[in-house]
Protein chains: 2
Amino acid sequence: MFSQAEENYIKAIYALDTKTKKGVSTNLIAEKMQTKASSVTDMLQKLSEKRLVIYKKYQGVQLSTKGKKIAASVVRKHRLWETFLVNKLNFSWDEVHDIAEQLEHIKSEKLIDELAVFLENPTHDPHGDPIPDKNGELPSIEKIILATLQVNESGICVGVQDSSSKFLQFLDKQGIALGQKITVIAKEPFDDSLTIKIENRELSISQKIAHNLYVQLK
Amino acid sequence: MFSQAEENYIKAIYALDTKTKKGVSTNLIAEKMQTKASSVTDMLQKLSEKRLVIYKKYQGVQLSTKGKKIAASVVRKHRLWETFLVNKLNFSWDEVHDIAEQLEHIKSEKLIDELAVFLENPTHDPHGDPIPDKNGELPSIEKIILATLQVNESGICVGVQDSSSKFLQFLDKQGIALGQKITVIAKEPFDDSLTIKIENRELSISQKIAHNLYVQLK
DNA sequence: TCTAATTTTTAGACAAGTCTAAAAATATTT
DNA sequence: AAATATTTTTAGACTTGTCTAAAAATTAGA
Ligand SMILES: [Mn+2]
Ligand SMILES: [Mn+2]
Ligand SMILES: [Mn+2]
Ligand SMILES: [Mn+2]
């Protein structure tokens with residue numbers, strides 16, 4: 001069907017597309033994929049031939065309907081595999097990304113269908129990211145950045161903005177995990193740091209941390 | 001580490017090596033891998049450079065110690081994944097090979113270790129083939145071809161010689177499965193067909209079938 | 001608006017893995 | 001032991017995906 005390289009480009013465009021509303025730029029893709037702009041241009045031309053993207057020279061690129069379906073299916077596989085690794089094989093959430101990057105390219109519709117059933121059709125992966133369904137639809141929950149909560153407001157921790165190993169390990173060390181209730185006790189105007197209550201502990205977190213955590217209001 | 005192509009060649013040589021005692025020929029590898037002899041030669045030269053095989057022009061090829069370790073590790077992964085698909089995801093034994101061909105190339109030592117634990121360290125895959133341990137050692141059981149049993153002898157069905165979908169589906173249809181006790185009731189000298197008793201049913205199987213089933217004597 | 005900086009594309013090269021066709025080595029027959 | 005047949009290797013080409021360096025287009029600045 002499609003090569004791993006093609007799927008990776010499609011996935012990168014999909015991820016960048018949601019953030020910027022207009023066409024995704026060559027350089028942005030190059031940066032995301034740790035590659036050179038000229039390589040990106042080459043691939044965009046191939047993907048355009050195959051009608052997976054809409055591409056006009058110098059004008060950036062957008063996924064076609066077909067491209068979007070493929071992207072969603074790859075993301076679905078990535079997140080289901082991450083869920084498998086954490087829920088069934090005792091991996092921690094900071095170890096699974098690179099392995100899922102490989103597993104997401106395995107070709108077998110039945111495999112992914114059965115995996116989803118085995119995992120009891122999860123809607124979110126270990127990082128709180130939504131898992132597209134078979135039709136590519138995302139379950140939408142209204143999550144907001146923790147930093148936007150007012151003092152005395154609280155929410156359930158449901159996701160991370162940054163899912164790098166470094167950040168995830170930091171959260172582990174601080175005892176912060178998905179599903180926990182977080183209440184903002186105080187906000188420090190000087191550096192925008194927050195004092196929060198979590199699992200009956202009080203804890204101060206920097207503005208940067210508060211911008212990388214998602215909470216859901218009840 | 002090693003590319004999928006390299007791993008596939010190594011695995012093919014490993015499989016052919018056990019059958020023929022001397023060096024494996026270029027043509028044999030080409031046939032097994034559904035490729036051309038010239039492609040095989042190219043690859044053998046690369047593998048030789050990397051010290052994974054011992055290769056002398058026109059003299060056939062053998063795995064080095066390093067090559068054997070890699071082969072065993074790929075076979076281990078292949079068979080563990082097949083076991084996973086059958087035992088956990090409800091695949092039948094005739095559906096798993098092609099998917100395992102892909103999964104066997106996923107790079108992560110922890111993944112395969114945890115998978116083995118999750119599956120409770122199986123020693124044989126769904127086709128009765130032995131799963132190499134972490135050190136590449138094979139559990140040896142003494143299995144013999146069903147056709148070699150004498151009349152009134154019996155054994156437990158423990159493996160297949162041919163593991164093509166066609167044959168496996170045929171066995172399903174006949175109600176023959178691993179673990180069942182098979183007793184030879186009669187042998188027909190005319191066409192070497194066998195009448196066997198299996199699970200209280202009597203059944204006639206051709207010489208060809210009898211040569212593709214392994215049994216273990218008690 | 002015209003020039004300068006930045007972004008994007010093209011041109012040409014390279015590595016991996018494959019193929020066909022031809023040459024070389026080995027094996028088999030007579 | 002030659003002649004013939006078979007196997008194996010080489011030579012040259014092609015595809016995919018990548019890169020560097022240079023050219024072209026776009027954007028930003030004075
Ligand atoms: Mn991930
Ligand atoms: Mn994730
Ligand atoms: Mn198999
Ligand atoms: Mn098998």
Side-chain angles (χ1 to χ4, degrees), chain A residues 1-13 16-17 19-63 67 70-71 74 101-102 104-107, chain B residues 1-13 16-17 19-63 67 70-71 74 101-102 104-107:
Chain A
M1 220 58 186
F2 301 103
S3 70
Q4 297 201 183
E6 287 171 332
E7 289 185 346
N8 284 333
Y9 275 95
I10 291 285
K11 189 161 65 104
I13 298 166
L16 296 169
D17 206 327
K19 302 191 176 174
T20 69
K21 277 296 168 199
K22 47 192 62 169
V24 180
S25 79
T26 302
N27 265 358
L28 207 57
I29 298 169
E31 192 192 5
K32 173 110 184 167
M33 301 203 55
Q34 304 272 62
T35 184
K36 301 294 168 180
S38 57
S39 306
V40 175
T41 300
D42 285 348
M43 182 56 90
L44 293 184
Q45 288 166 349
K46 281 178 212 159
L47 295 177
S48 183
E49 290 264 313
K50 297 193 177 186
R51 309 284 149 183
L52 299 176
V53 300
I54 292 113
Y55 169 67
K56 282 233 220 56
K57 268 191 189 180
Y58 294 102
Q59 300 313 131
V61 75
Q62 281 188 300
L63 291 179
I70 293 161
V74 176
E101 282 294 317
Q102 300 177 62
E104 72 190 4
H105 302 294
I106 301 294
K107 261 89 181 164
Chain B
M1 221 61 190
F2 301 104
S3 69
Q4 297 200 185
E6 287 171 332
E7 289 186 347
N8 284 333
Y9 275 95
I10 291 286
K11 189 161 65 105
I13 297 166
L16 296 169
D17 206 324
K19 301 190 176 174
T20 68
K21 278 295 169 201
K22 48 191 63 171
V24 180
S25 78
T26 302
N27 265 358
L28 206 58
I29 299 169
E31 192 192 7
K32 173 112 185 165
M33 301 204 53
Q34 306 270 62
T35 185
K36 301 292 167 178
S38 57
S39 306
V40 175
T41 301
D42 284 350
M43 182 56 90
L44 293 183
Q45 288 166 349
K46 281 178 212 159
L47 295 177
S48 183
E49 290 264 313
K50 297 193 177 185
R51 309 285 148 184
L52 299 176
V53 300
I54 292 112
Y55 169 68
K56 281 233 220 58
K57 268 191 190 181
Y58 296 101
Q59 300 313 131
V61 74
Q62 280 187 301
L63 291 179
I70 292 161
V74 175
E101 282 295 316
Q102 301 177 61
E104 72 190 4
H105 301 294
I106 301 294
K107 261 88 181 164

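What you are looking at is a predicted structure, and each value in this text was computed from that prediction instead of being measured.
Backbone-only contact: Thr26(B) has heavy atoms under 4.0 Å from sugar-phosphate atoms and none from a base. Heavy atoms of Ala37(B) sit under 4.0 angstrom from at least one base atom.
Crowding of Gln45(B) atom CD: a count of heavy atoms from other residues, nucleotides or ligands under 6.0 Å exceeding 12.
Ser39(A) has no side-chain polar atom (N or O) that falls below the 4.0 Å cut-off from OP1 or OP2 of dG17(D). Between Asn27(A) and the phosphate of dT6(C), there is no side-chain N or O to OP1/OP2 separation shorter than 4.0 Å. Dashed line: the shortest gap from a side-chain N or O of Lys57(A) to OP1 or OP2 of dT10(C) is under 4.0 Å. Between dC19(C) and Thr35(B), a contact under 4.0 Å exists linking OP1 or OP2 to a side-chain N or O. Dashed line: the shortest gap from a side-chain N or O of Tyr9(A) to OP1 or OP2 of dT18(D) is under 4.0 Å.
The separation between Asp42(A) atom CG and dT18(D) atom P is 9 Å, rounded to whole Å. Rounded to a whole Å, the NZ atom of Lys36(B) is 20 Å from the C1' atom of dA16(C). If you take NZ of Lys50(A) and C1' of dT15(D), they are 11 Å apart, rounded to a whole angstrom. Atom CD of Gln34(A) is separated from atom P of dC19(D) by 11 Å (rounded to the nearest Å). Atoms CD1 (Ile29(A)) and C1' (dT7(C)) sit 13 Å apart, rounded to a whole Å. Summarising the geometry, the separation between NZ on Lys56(A) and C1' on dA25(D) is reported as 15 Å, rounded to the nearest angstrom. The interatomic distance linking Phe2(A) (CZ) with dT16(D) (P) rounds to 14 Å, in whole Å. Spacing between atom NZ of Lys46(A) and atom P of dT15(D) amounts to 11 Å, rounded to whole angstrom units.
Closest-nucleotide positions on DNA chain D for Gln59(B) and Ala5(A) were compared, and the one nearer the 5' end corresponds to Gln59(B).
With dT8(D), dT9(C), dG17(D) as the candidates, the nucleotide lying closest to the side chain of Ser3(A) is dG17(D).
Side chain Ser38(B) to base dT8(D): no donor-acceptor pair is found below 3.5 Å.
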Verdict with reasoning, Leu16(B) to Lys32(B), per side-chain contact (heavy atoms from CB on, under 4.5 Å): CA-CA 9 Å; Leu16(B) 296 169; Lys32(B) 173 112 185 165; 4.0 Å; yes

Evaluation steps, side-chain contact (heavy atoms from CB on, under 4.5 Å), between Glu104(B) and Asn8(B): CA-CA 10 Å; Glu104(B) 72 190 4; Asn8(B) 284 333; 3.4 Å; yes

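By the 4.5 Å heavy-atom criterion applied to side chains, Ile29(B) and Tyr9(B) are counted as neighbours. The side-chain heavy atoms of Leu44(B) and Ile13(B), taken from C-beta on, include a pair separated by under 4.5 Å.
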